[in-house]
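Here is the structure we will look at, set down as structure tokens.
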2 protein chains.
Amino acid sequence: MAAVGRTRARRGDGDLLRGELLRVAEELLVEAGDSSGVTLRGVAERAGVTTPSVYLHFADKAALVDAVCLSVWHRLGRRMDEAAADAPDPFDGLRRRGMAYVRFGLDHPVHYRVLMMQPPQPAATGGAAAVAARDCFAHLLDAVAACVRVGVFRGEPEPLALSLWAAVHGATSLLISKPNFPWPDDLDGFVDGCVRMAGMGAAVLSRLAVGEHLPHAHRLAGELDTLVAGLAWSSDEPTTDENGELA
Amino acid sequence: MAAVGRTRARRGDGDLLRGELLRVAEELLVEAGDSSGVTLRGVAERAGVTTPSVYLHFADKAALVDAVCLSVWHRLGRRMDEAAADAPDPFDGLRRRGMAYVRFGLDHPVHYRVLMMQPPQPAATGGAAAVAARDCFAHLLDAVAACVRVGVFRGEPEPLALSLWAAVHGATSLLISKPNFPWPDDLDGFVDGCVRMAGMGAAVLSRLAVGEHLPHAHRLAGELDTLVAGLAWSSDEPTTDENGELA
DNA sequence: TGTACATCAGTGAACGCGCGTTCACTGATGTAC
DNA sequence: TGTACATCAGTGAACGCGCGTTCACTGATGTAC
């Protein structure tokens with residue numbers, strides 16, 4: 001097989017090919033829409049190199065796919081932080097982080113699928129997925145803890161963060177898995193609704209004892225009407241930054 | 001290949017093998033934990049039959065896997081209805097349905113994965129997944145509509161049902177995909193928390209205009225405290241059944 | 001300044017596998033006469 | 001009651017494919033003397 005379109009790296013520059021393989025593998029991953037559509041032969045061919053060359057830079061196929069997905073994943077934390085930078089308070093910061101999370105997943109559906117929707121691999125492959133999970137949960141946990149500090153959530157942050165993670169993951173993964181389902185036209189608005197719903201639900205629920213039984217639906221409806229009426233005349237209190245400090 | 005342990009069906013009883021293939025394929029699907037681990041050779045061998053026999057009853061492998069998954073899926077609707085049968089009101093009925101949904105997914109993780117977490121197949125395979133999606137969404141939509149009727153939700157049921165679906169799907173799929181993540185010990189309690197969170201969030205959010213901006217976190221915290229205090233002295237109003245009718 | 005040599009990036013050919021699927025066939029079973 | 005025949009459930013062998021991975025190798029490049 002002739003290595004078309006690529007001149008061999010000079011000594012010491014072997015890592016050039018590594019980067020090129022990552023780039024090409026990501027291209028193929030996105031095109032195929034699934035990691036099983038990525039082939040070492042395909043990657044090597046598009047990189048202008050023979051198949052065994054891949055093994056000079058990656059232990060095996062799984063290591064290559066993992067490296068591709070993780071390289072994108074690093075940006076998620078920064079995106080969430082950037083999105084929350086201008087938030088007026090920690091609760092809105094959490095909402096913005098949630099939005100950023102879903103958007104990130106929808107922007108990188110194949111990566112999201114590989115890292116977050118795959119069954120846990122037996123060997124080293126599981127590593128990347130576990131790292132990704134810990135990573136994004138940690139970001140949510142921080143944001144939840146800030147909400148607890150400012151009083152909008154009560155109690156332990158961990159279970160709240162897990163629940164919120166499940167909620168944003170649900171929106172992300174369902175939209176990825178069922179793109180042909182009749183979703184609302186205003187997809188961004190829908191996602192925002194999902195995120196707000198989870199945040200508001202967490203705020204209420206963190207005030208209730210576990211399993212506490214609620215009033216019947218008619219009465220609950222009335223109490224909720226009162227709450228929302230109370231929320232309406234809002235907005236003229238001191239501004240605090242995302243840490244809950246007075247500005 | 002000797003067909004061990006199986007005597008050929010009598011004339012007119014060809015469908016016996018079909019049932020047996022479904023049974024065996026489900027076994028293998030559960031054992032493998034993934035549809036790519038199911039093999040026509042494997043299915044045929046365990047059924048005591050040669051591989052091409054499968055084609056007498058299923059168009060191809062995808063049709064077999066689909067049939068296996070859908071055969072289980074039919075039970076989901078009944079499970080949700082059963083779970084909600086004793087609910088004191090539609091809102092609690094919705095909660096119980098949500099719990100039943102998640103439990104069903106966790107009881108059949110491989111089926112759930114195939115039908116709800118896979119990328120949409122190009123051809124007929126996508127059919128089963130689309131049917132499953134429509135089916136369980138329809139159940140949730142009914143329950144949400146009942147909540148709207150009784151006033152605990154306001155506005156259009158569709159977007160609410162979609163958001164709630166995303167929430168319960170999120171808990172289900174995340175628990176399936178990340179079984180090794182440090183989840184709370186009380187998994188049932190955690191799932192209940194997720195479901196309640198979504199339901200309560202939907203109730204509050206359905207009263208707010210889209211994108212309506214909330215008071216700052218400190219004030220929001222106070223309003224929520226008031227709400228929950230109001231919920232506490234509850235419980236002595238007339239009992240209604242799941243349709244919101246007076247009992 | 002020239003040359004032998006170690007190193008490094010990559011090659012080429014092959015191995016071995018398991019898979020879905022096809023196709024011509026067989027032999028038991030019921031039915032029509 | 002006996003027999004030819006159509007039907008039906010299933011067989012056996014093979015096709016063709018693409019895959020991940022291995023292994024002995026090559027040839028350019030830099031370096032030590």
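Below, chain A is the first sequence line, B the second, and so on; all start at residue 1.
Put simply, Arg8(A) has no side-chain N or O that comes within less than 4.0 Å of OP1 or OP2 on dG27(D). Between dA9(C) and Arg10(A), no contact under 4.0 Å exists linking OP1 or OP2 to a side-chain N or O. Side-chain nitrogen and oxygen atoms of Thr39(A) include at least one within less than 4.0 Å of the OP1 or OP2 phosphate oxygen of dC19(D). Under 4.0 angstrom from either OP1 or OP2 of dT22(D) there lies no side-chain N or O belonging to Tyr55(A). For dT11(D), the OP1/OP2 oxygens have a side-chain nitrogen or oxygen of Ser53(B) closer than 4.0 Å.
Side-chain contact between Met117(B) and Ser177(B) is present, with at least one heavy-atom pair separated by less than 4.5 Å. Side-chain contact between Cys136(A) and His169(A) is absent, with no heavy atoms from C-beta onward closer than 4.5 Å.
Applying the salt bridge (Lys or Arg N to Asp or Glu O under 4.0 Å) test between Asp81(A) and each of Arg96(A), Arg75(A), Arg97(A) identifies Arg97(A) as the sole match.
Of the listed nucleotides (dA9(D), dC23(D), dG12(D)), dA9(D) has the atom at the smallest distance from the side chain of Leu56(B). Distance from the side chain of Ala9(A) is smallest for dG10(C) among the nucleotides dT11(C), dC15(D), dG10(C). Candidate nucleotides dG10(D), dG20(C), dT11(D) were compared by shortest atom distance to the side chain of His57(B), and dG10(D) ranks first. Taking every side-chain heavy atom of Pro52(B) into account, dG12(D) is the closest of dA14(C), dG12(C), dG12(D).
Of the charged side-chain nitrogens involved, at least one lies within less than 4.0 Å of a carboxylate oxygen, so that Glu20(A) and Arg23(A) count as a salt-bridged pair. Look at Arg103(A) and Asp107(A) and you find no salt bridge, because none of the NZ, NE, NH1 or NH2 atoms lies under 4.0 Å from a carboxylate O.
Pairing partner, dT3(C): dA32(D), with both Watson-Crick or wobble hydrogen-bond distances short of 3.5 Å. dG18(D) is paired with dC17(C) under the Watson-Crick or G-U wobble criterion, all donor-acceptor distances under 3.5 Å. Nucleotide dG10(C) forms a pair with dC25(D), judged by Watson-Crick or G-U wobble geometry with both contacts under 3.5 Å.
Within the nucleic acid shown, Val38(B) comes within 4.0 Å of sugar-phosphate atoms alone, with no base atom in reach, counting heavy atoms only.
Taking for each of Gly37(B) and Leu17(A) the nucleotide of DNA chain C with the nearest heavy atom, the 5'-most of the two is the partner of Leu17(A).
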